[in-house]
Amino acid sequence: MQDMWESVLQKERWEIQVNPDYKIIRLHVISKEENREPVTLQIGQTELFELMHAFLAINRAFNAETMYYDDPTSNHANSGA
């Protein structure tokens, strides 16, 4: 069986592809330097969920947001944990 990769987002220097059969995400990053090989990161569904949660925590920190279920007096509410 051939791997079926589908491009879901492509920019000038990077591309995100998905393989729905194996639930794998592939990120290609092209360096600005001419002689460098592109870097490819391949992650599974579990790692994707962890990455999404991390990005959401970063976004909340950037926007100084507090989630309704966070206890503002606890240390983890501001740490993104």
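None of the values given here were measured: they were computed from a predicted structure.
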> Rounded to the nearest 0.5 Å, how far does CH2 of Trp14 lie from CD1 of Ile30?
Replying inline: 11.5 Å

>> For the CE atom of Met4 and the CG atom of Asp21, what is their distance to the nearest 0.5 Å?
In response: 8.0 Å

>> Tell me if a side-chain donor or acceptor on Asn59 pairs with a main-chain N or O of Phe55 at a distance below 3.5 Å.
In response: no

>> List the residues meeting side chain to side chain contact (heavy atoms under 4.5 Å, CB included) with Ile43, not counting sequence neighbours, and say none if there are none.
In response: Ile25, Leu41, Glu47, Leu48, Leu51

>> Suppose we screen for side chain to side chain contact (heavy atoms under 4.5 Å, CB included). Which residues come up paired with Leu56, at least two apart in sequence or across chains?
In response: Arg60

>> Checking Gln10 now: which residues fulfil side-chain hydrogen bond (donor to acceptor under 3.5 Å, both in side chains) with it, not counting sequence neighbours?
In response: none

>> List the residues meeting side chain to side chain contact (heavy atoms under 4.5 Å, CB included) with Glu6, not counting sequence neighbours, and say none if there are none.
In response: Val8, Val18

> Quick one: CZ on Arg26 to CD1 on Ile16, what's the gap to the nearest 0.5 Å?
Replying inline: 13.0 Å

> Excluding sequence neighbours, so at least two apart, what forms side chain to side chain contact (heavy atoms under 4.5 Å, CB included) with Glu50?
Replying inline: Thr46

> Which side-chain hydrogen bond (donor to acceptor under 3.5 Å, both in side chains) pairs, counting each pair once, include a residue from residues 27-37, with sequence neighbours left out?
Replying inline: Gln17-His28, His28-Thr40

> Phe49 and Ile58: same hydrophobic cluster, using ILVMFWY side-chain contacts below 4.5 Å?
Replying inline: yes

